[in-house]
Trainee: 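Sharing a structure, written as structure tokens. Questions coming.
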Amino acid sequence: MSNIRAIRGMSDILPDETPTWQYVEAVVRELVASYGYAEIRLPIVEQTDLFKRSIGEVTDIVEKEMYTFNDRNDDSLTLRPEGTAGCVRAAIQNGLLTTPRRLWYAGPMFRYERPQKGRQRQFHQVGVEAFGVSTPDMDAEMILLSARLWQQLGVADGVQLQLNSIGSLSARAAYRQALVEYLQQRREELDEDSQRRLDSNPLRILDSKNPQTQALLDEAPVLSAYLDQESRDDFARVRELLDAAGVAYVENPRLVRGLDYYNKTVFEWVTDRLGAQGTVCAGGRYDGLVEQLGGKSVPAIGFAMGIERLVLLLQASAQEPKPEPTADLYIVSAGEGAQREALAVCEQLRDAFPGLRIVQHTGGGSFKSQFKKADKSGARLALVWGDDEVASGTVTLKALRDESGKQAGQQTVALEQLQQTLRALLADWDIARGSS
RNA sequence: GUGGCCGUAGCUCAUCAGGUAGAGCACCGGAUUGUGACUCCGGAGGUGGCGGGUUCGAGACCCGUCGGCCACCCCA
């Protein structure tokens with residue numbers, strides 16, 4: 001019988017990587033807070049209909065990528081494939097749609113896709129949503145917030161902002177008709193996927209990667225020509241605000257989104273450092289979704305980022321946080337009496353030095369092997385208890401690392417002196433750290 | 001869902017007309033009896049992803065399957 005393995009596309013995030021994850025999460029958390037966004041925590045499972053009605057029945061996500069199952073009550077449930085739908089549902093249900101409402105969330109999402117770099121079946125997103133403001137200043141705020149993230153993560157030189165307006169529902173419908181008419185004439189020249197989408201989701205043909213299809217589109221009607229006046233004006237204002245704030249962007253008239261609920265401003269941050277899955281953040285306006293899901297008519301805008309991709313981007317850009325040792329103090333003790341005393345004293349130390357990472361040697365072994373562990377732990381200092389120390393009421397402090405590379409020293413002090421001695425050593429280290 | 005490449009110790013990899021596996025790193029122990037990092041010595045660890053087939057004999061060849069990577073697709 002073979003071992004049980006993780007589900008395909010659902011990977012473990014190992015201790016080597018969690019520091020980078022925590023770093024990204026911490027930066028995001030502080031950033032959204034600094035713009036006044038409040039965290040909301042949402043269920044991972046929702047009624048299947050929620051996603052069908054929001055993302056769109058004919059999208060790839062709903063058609064073939066959702067983890068859908070019936071529960072014991074025979075209700076159809078789905079592991080969320082994205083966060084916006086659940087956030088909107090929660091905002092409606094809990095009366096959060098007073099204006100304006102700024103929310104963010106993070107957590108796992110599930111899509112049944114073929115795994116590859118930057119794409120997994122369980123992946124993690126941070127989502128940022130703002131309800132109740134229809135004016136383009138909110139669009140600009142969203143984009144500025146995301147732009148600041150790249151600055152703070154040190155990857156601003158690796159990402160590019162692409163911007164478009166897909167207009168109102170009716171403008172899009174008119175354009176859609178014109179595009180289909182044009183492409184129908186040339187159906188034979190389209191690639192297979194695009195032919196299929198001609199009937200189901202023709203706007204998605206715009207971002208086809210097929211060169212021949214892209215060439216065909218050069219002569220095709222353009223979306224911008226079909227935009228309603230309000231969308232035009234708002235889009236112009238968004239660009240004006242971005243210009244004023246010094247955020248560079250590229251207008252991409254073929255930028256469309258794969259989820260049906262978007263309108264007006266849409267944007268994507270893309271990078272060339274991640275291979276085929278280069279979209280690292282994407283979003284846009286979805287003014288009709290709240291009403292469509294049964295709420296009042298409330299405009300909204302939001303975006304989502306894939307944390308795996310952010311982590312990959314940091315790695316590709318050599319911007320990962322430096323690995324920190326997991327210990328400051330390592331406690332070496334030999335003999336039952338020594339260990340008893342060490343354990344008790346360490347609890348006192350934890351009271352006296354909150355935040356200090358004190359690792360107790362467990363599992364016995366010789367001094368030699370214990371010191372090997374102490375060294376591996378990365379601790380700066382070992383506290384040593386042996387028979388001699390217990391007999392004389394002392395403890396030995398041995399420095400394992402020295403910033404200056406000097407020979408490490410060792411001293412034995414009375415137990416009553418331990419906290420005082422430690423305090424002095426820690427103060428020295430802080431100074432050394434501050435100056436380095 | 002489609003295609004290409006790949007799957008040997010914890011990790012990175014090697015070996016060989018096909019004759020039941022090795023290195024480096026990591027791990028454990030030792031080098032005068034209470035002290036790490038360097039060095040030296042020794043040790044443990046693999047039903048060669050899994051299941052079939054060909055063969056006297058397969059990790060090496062064939063098929064299937066699972067998994068990984070990359071691309072298509074999709075999208076964060």
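Labels below follow one simple rule: chain letters A, B, ... track the order of the sequence lines, proteins then strands, and each chain is numbered from 1.
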Trainee: Can you check the distance between B:C69 and B:G49, where both ends of the measurement are the C1' atom (answer in whole Å)?
Mentor: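 Each nucleotide's C1' atom is 15 Å from the other's.
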Trainee: I need the CD1-C1' distance between A:Ile61 and B:C73, as an integer number of Å.
Mentor: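 Going from A:Ile61 (CD1) to B:C73 (C1'), I get 13 Å.
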Trainee: What's the closest nucleotide to the A:Phe371 side chain, out of B:U35, B:C70, B:A37?
Mentor: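 Per side-chain heavy atoms of A:Phe371, the pick is B:U35.
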Trainee: With P as the reference atom in both, quote the distance from B:U15 to B:A71 in angstrom, rounded to an integer.
Mentor: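 One P to the other, the span is 28 Å.
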Trainee: Is it the case that the side chains of A:Asn263 and A:Asp287 hold a donor-acceptor pair, with the cut-off being a distance below 3.5 Å and no angle test?
Mentor: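 The answer is yes; a qualifying pair exists.
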Trainee: For the CD atom on A:Gln152, are there more than 12 heavy atoms of other groups (residues, nucleotides or ligands in this structure) within a distance under 6.0 Å?
Mentor: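 Atom CD in A:Gln152 is packed in, count exceeds 12.
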Trainee: So what does A:Ala374 touch, heavy atoms closer than 4.0 Å: a base, only the sugar-phosphate, or nothing?
Mentor: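 Since no nucleic acid heavy atom lies under 4.0 Å of A:Ala374, the category is nothing.
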Trainee: State the pairing partner of B:U33; accept Watson-Crick or G-U wobble contacts with both distances under 3.5 Å, and report none otherwise.
Mentor: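 Pairing partner, where one exists within any strand: none, as none qualifies.
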Trainee: With P as the reference atom in both, quote the distance from B:C25 to B:A37 in angstrom, rounded to an integer.
Mentor: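 That atom pair is separated by 15 Å.
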Trainee: If I take atom CZ from residue A:Arg111 and atom CD from residue A:Glu82, how far apart are they, to the nearest 0.5 angstrom?
Mentor: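 Taking CZ in A:Arg111 and CD in A:Glu82, the distance rounds to 7.0 Å.
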Trainee: Is there, by distance only and without an angle test, a donor paired with an acceptor across the side chain of A:Arg119 and the base of B:C73 below 3.5 Å?
Mentor: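 Counting by modelled atom types and ignoring angles, a donor-acceptor contact under 3.5 Å is found here.
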Trainee: Check whether the side chains of A:Thr394 and A:Glu389 place a donor and an acceptor atom closer than 3.5 Å, and report yes or no.
Mentor: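 Side-chain D/A pair, A:Thr394 to A:Glu389: absent.
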Trainee: Searching all strands shown, indicate the nucleotide that pairs with B:U15 (Watson-Crick or G-U wobble; both distances under 3.5 Å).
Mentor: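 Partner of B:U15: none found under 3.5 Å.
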Trainee: Given the C1' atoms of B:G68 and B:C61, what is the spacing between them in whole Å?
Mentor: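 It comes out at 23 Å once rounded to the nearest Å.
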Trainee: Name the closest nucleotide to the A:Asp375 side chain, picking from B:U35, B:G68, B:G36.
Mentor: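 So the nucleotide nearest the side chain must be B:G36.
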Trainee: Would you mind telling me which of B:G36, B:G34, B:C73 lies closest to the side-chain atoms of A:Lys209?
Mentor: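 Among the listed nucleotides, the one closest to the side chain of A:Lys209 is B:C73.
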Trainee: Both A:Asp207 and A:Arg114 contact RNA chain B. Taking the nearest nucleotide for each, which residue is further toward the 5' end?
Mentor: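 It is A:Arg114, whose closest nucleotide lies nearer the 5' terminus.
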Trainee: Provide the distance between the two C1' atoms, one in B:G19 and one in B:G4, to the nearest whole Å.
Mentor: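 Going atom to atom, C1' in each nucleotide, I get 33 Å.
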Trainee: Does any nucleotide pair with B:G43 by Watson-Crick or G-U wobble geometry, both distances under 3.5 Å, and what is it?
Mentor: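 Across all strands, the one nucleotide that pairs with B:G43 is B:C27.
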Trainee: NA contact type, A:Gly9, heavy-atom cut-off 4.0 Å: base, sugar-phosphate, or nothing?
Mentor: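 The residue A:Gly9 makes sugar-phosphate contact but no base contact.
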Trainee: Say you pick atom P in B:A14 and the same atom in B:A9; how far apart are they, in whole Å?
Mentor: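 The same atom, P, in both gives a distance of 12 Å.
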Trainee: So A:Leu259, base contact, sugar-phosphate only, or nothing? Heavy-atom distance under 4.0 Å.
Mentor: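 Sugar-phosphate contact only - A:Leu259 comes under 4.0 Å of backbone atoms but never of a base.
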Trainee: When rounded to the nearest Å, what value does the distance between P atoms of B:A60 and B:G52 take?
Mentor: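 Result for the P pair: 14 Å, nearest Å.
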Trainee: Establish, with yes or no, whether the OP1 or OP2 oxygen of B:C70 is under 4.0 angstrom from a side-chain nitrogen or oxygen of A:Gln116.
Mentor: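 False: A:Gln116 side-chain N/O out of range (4.0 Å or more) of B:C70 OP1/OP2.
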Trainee: On RNA chain B, check which nucleotide each of A:Leu274 and A:Asp387 is closest to and give me the residue with the more 5' one.
Mentor: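 Checking each residue's closest nucleotide, the 5'-ward one belongs to A:Asp387.
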Trainee: Under 3.5 Å between N/O atoms: give me all the protein pairs with nucleotides 25-32 of chain B, atom names plus distance.
Mentor:
unit_1 : atom_1 : unit_2   : atom_2 : d
B:C27  : OP1    : A:Lys376 : NZ     : 2.7
B:C28  : OP1    : A:Lys373 : NZ     : 2.5

Trainee: Name the pairing partner of B:G7, where a pair is Watson-Crick or G-U wobble with both distances under 3.5 Å, or state none.
Mentor: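 Pair assignment: B:G7 / B:C66.
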Trainee: Any salt bridge linking A:Arg254 with A:Asp207? Criterion: basic side-chain nitrogen under 4.0 Å from a carboxylate oxygen.
Mentor: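 A:Asp207 and A:Arg254: not salt-bridged.
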Trainee: So what does A:Arg5 touch, heavy atoms closer than 4.0 Å: a base, only the sugar-phosphate, or nothing?
Mentor: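 It contacts sugar-phosphate atoms only.
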Trainee: For B:A21, give its Watson-Crick or G-U wobble partner with both distances under 3.5 Å, or none.
Mentor: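 By the stated definition (distances under 3.5 Å), nothing pairs with B:A21.
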Trainee: Establish, from distance only, whether the side-chain atoms of A:Glu129 and A:Tyr286 form a donor-acceptor pair under 3.5 Å.
Mentor: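 There is such a pair (donor and acceptor under 3.5 Å, judged by atom type) between the side chains of A:Glu129 and A:Tyr286.
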Trainee: When all nucleic acid strands are considered with a 4.0 Å heavy-atom cut-off, which category describes A:Gly283: base, sugar-phosphate, or nothing?
Mentor: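 Since no nucleic acid heavy atom lies under 4.0 Å of A:Gly283, the category is nothing.
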Trainee: With a 3.5 Å cut-off and heavy atoms only, can you find an N or O donor on one side and an acceptor on the other between the side chain of A:Glu389 and the base of B:G34?
Mentor: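 In this structure, the two groups form a donor-acceptor pair.
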Trainee: Nearest heavy-atom pair of A:Gln120 and A:Ser11: which atoms, and what distance?
Mentor: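 Shortest heavy-atom separation between A:Gln120 and A:Ser11 comes out as NE2-OG, 2.8 Å.
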Trainee: Between B:G34 atom C1' and A:Gln370 atom CD, what is the distance in whole Å?
Mentor: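 Nearest whole value for this atom pair: 10 Å.
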Trainee: With hydrogens left out and only the distance checked, is there a donor-acceptor pair under 3.5 Å joining A:Gln410's side chain and the base of B:U35?
Mentor: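 Side chain to base: pair found, below 3.5 Å.
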Trainee: Between A:Tyr35 and A:Arg102, is there a cation-pi geometry (under 6.0 Å to ring centre, at most 45° from the normal)?
Mentor: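 Verdict for A:Tyr35: no cation-pi partner in A:Arg102.
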Trainee: With both distances under 3.5 angstrom, what nucleotide forms a Watson-Crick or G-U wobble pair with B:U2?
Mentor: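 B:A71 - that is the nucleotide pairing with B:U2, both distances being under 3.5 Å.
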Trainee: Can A:Arg29 and A:Glu39 be counted as an ion pair, charged N to O under 4.0 angstrom?
Mentor: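 Yes, A:Arg29 and A:Glu39 are salt-bridged.
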Trainee: Over all strands shown, is A:Arg309 touching base, sugar-phosphate only, or nothing at heavy-atom distances under 4.0 angstrom?
Mentor: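 If one applies the 4.0 Å heavy-atom cut-off, A:Arg309 turns out to touch a base.
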Trainee: So which nucleotide does B:U55 pair with, by the Watson-Crick or G-U wobble rule with both distances under 3.5 Å?
Mentor: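 None - no nucleotide pairs with B:U55, as no candidate has both distances under 3.5 Å.
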Trainee: Which whole number of Å gives the distance between the P atom of B:G46 and that of B:C50?
Mentor: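 Rounded to whole Å, the distance is 13 Å.
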Trainee: So what does A:Glu82 touch, heavy atoms closer than 4.0 Å: a base, only the sugar-phosphate, or nothing?
Mentor: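 Contact class for A:Glu82: none.
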Trainee: Could you say whether the aromatic ring of A:Phe367 and the base of B:G34 stack, counting only centre distances under 5.5 Å and plane angles under 30°?
Mentor: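 So A:Phe367 counts as stacking on the base.
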Trainee: Below 4.0 angstrom from OP1 or OP2 of B:G36, is there any side-chain N or O of A:Lys398?
Mentor: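 A:Lys398 to B:G36 OP1/OP2: no side-chain N or O under 4.0 Å.
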Trainee: Just by distance, with hydrogens left out, do A:Ser165 and A:Ser231 show a side-chain donor and acceptor under 3.5 Å apart?
Mentor: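 Note: A:Ser165 and A:Ser231 side chains miss the donor-acceptor criterion.
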